[in-house]
Amino acid sequence: MRAHIPRLLLLASVWSVCTGSGKWCYQSQVTCDTPCKGPDSWHEVHEDCGKFKQSPINIVTKKTELDHNLTPLIFSGYQQAFSGILKNNGHSVRVSVPELANVSGGNLKATYKAVQFHFHWGENGGPGSEHTIDGEQYPMEMHIVHMRQDFKSLEEALKDPTGVAVLGFFYEESKSANKKYDGLIQALKKVEHYNTNTTLTGISLSNLISSEENMTKYYRYEGSLTTPYCTEAVIWTVFEIPIPLSKDQLSAFSSLKFEGDKPMIKTFRPVQPHKSRTVYHSGSTVVMLSFTLLLVCVCSALGLSQLY
Ligand SMILES: *[C@@H]1O[C@H](CO)[C@@H](O)[C@H](O)[C@H]1NC(C)=O
Ligand SMILES: *[C@@H]1O[C@H](CO)[C@@H](O)[C@H](O)[C@H]1NC(C)=O
Ligand SMILES: *[C@@H]1O[C@H](CO)[C@@H](O)[C@H](O)[C@H]1NC(C)=O
Ligand SMILES: [Zn+2]
């Protein structure tokens, strides 16, 4: 009996080293020689990561509910060119945005100003988005983080359940390169290593996102930050139509490095339980329906109803 105890202790210590201790990290960073806490253990260091309104989620389109109030968002200052610091923060690359752009409308209860944007990706263009649609994981996802305009800092905004609004954009692989991303992707080479930064000049948010007509279809739900502290203060807007990038452009993100110079890949949190939350979708299908009805009316008025 006594002889078993040291073996159990040994097993227990190997287990704790391999599952990690200390700082949070993505699953792709968890190894026996670099102890860190992968997504399944985030709640051990940051309690909120185990709560009930966590992000990301898998969006089951058949279960989403139409909300007529989800009209197109109103973007202000998004066209304005600015300089922002692009930084490898050890988890992602992030660009800080000065106070010049805000978003409202689309049933948001206030105006929210853009603070920063960053990305989540896979490995060389493989699956890498955080949100998934009917189980499909896109190669990459961008988050433009906004805080309610009456707050002074993100820390302050995160204390309010509706303090933060994040716009999520998917990417899909296209045959040709997306020229609008050339500047950003070139600059990635300058922030390959952890804690390095460079200044991006002459960028605008509207250049990085879809055209306004391609942003009318979106999903809305209440969730959290997708990294610790996993704070549940986020109104999520996830756009349906992805932004095109070539395979080379998507792969460029995989050249970045985590702390310790391991490839920065698969920087996404796995999807979290819905826990009785409803996901709403915007009403663009209704526009199509009324357009069809209009056609039917016009056609029958013209005596062409036999066509139907
Ligand atoms: C939103 O941004 C626009 C353009 O920068 C600015 O004119 C407007 O005052 C801002 N609105 C609010 C409510 O901050
Ligand atoms: C960017 O890097 C420089 C030089 O290493 C450093 O002094 C500065 O604090 C960094 N800025 C940010 C925002 O990290
Ligand atoms: C809108 O999205 C479609 C694909 O869904 C794409 O073919 C088209 O080029 C996009 N339009 C613009 C202006 O980005
Ligand atoms: Zn994010």
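Note that ligands are numbered from 1 as they come in the structure, with each ligand's atoms numbered from 1 the same way.
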Any ion pair linking [Y] and [X] (charged N to carboxylate O, less than 4.0 Å)?
| X | Y | answer |
| --- | --- | --- |
| Lys37 | Glu44 | yes |
| Arg148 | Asp160 | yes |
| Lys53 | Glu222 | yes |

Holding to salt bridge (charged side-chain N to carboxylate O under 4.0 Å, His left out), I want the full list of residues that pass it with [X], two or more places apart in sequence or in another chain.
| X | result |
| --- | --- |
| Glu240 | Lys217 |
| Glu155 | none |
| Glu99 | Lys113 |

Completion exercise
Close residues (non-hydrogen atom under 4.0 angstrom from ligand 3) work out to Ser211, Asn214, Ile241
Practice task
Examine the side chains of Thr61 and Asp134 and answer whether a donor and an acceptor come within less than 3.5 Å of each other.
Solution key: yes
Output the list of atoms in ligand 1 that are nearer than 4.0 Å to some heavy atom of [X], sorted by atom number.
| X | answer |
| --- | --- |
| Asn102 | 1 (C), 2 (O), 3 (C), 8 (C), 10 (C), 11 (N), 12 (C), 14 (O) |
| Leu100 | 4 (C), 5 (O) |
| Gln149 | 12 (C), 13 (C), 14 (O) |

Handout entry: Numbered atoms and elements of ligand 2 in range of Lys87, under 4.0 angstrom, heavy atoms
Key = 14 (O)
Problem - Same apolar cluster: Phe239 and Ile133, side chain cutoff 4.5 Å - result: no
Exercise for the section: Examine Thr111 against ligand 1 and note whether any of their N/O atoms are separated by less than 3.5 Å. Expected result: no
Handout entry: Nitrogen or oxygen of Ala101 less than 3.5 angstrom from that of ligand 1
Key = no
Practice task
Decide side-chain contact (heavy atoms from CB on, under 4.5 Å) for Lys257 and Met264; before the verdict, give the C-alpha distance in whole Å, the side-chain angles of both, and the deciding distance to 0.1 Å.
Solution key: CA-CA 5 Å; Lys257 305 285 193 282; Met264 186 179 272; 5.5 Å; no
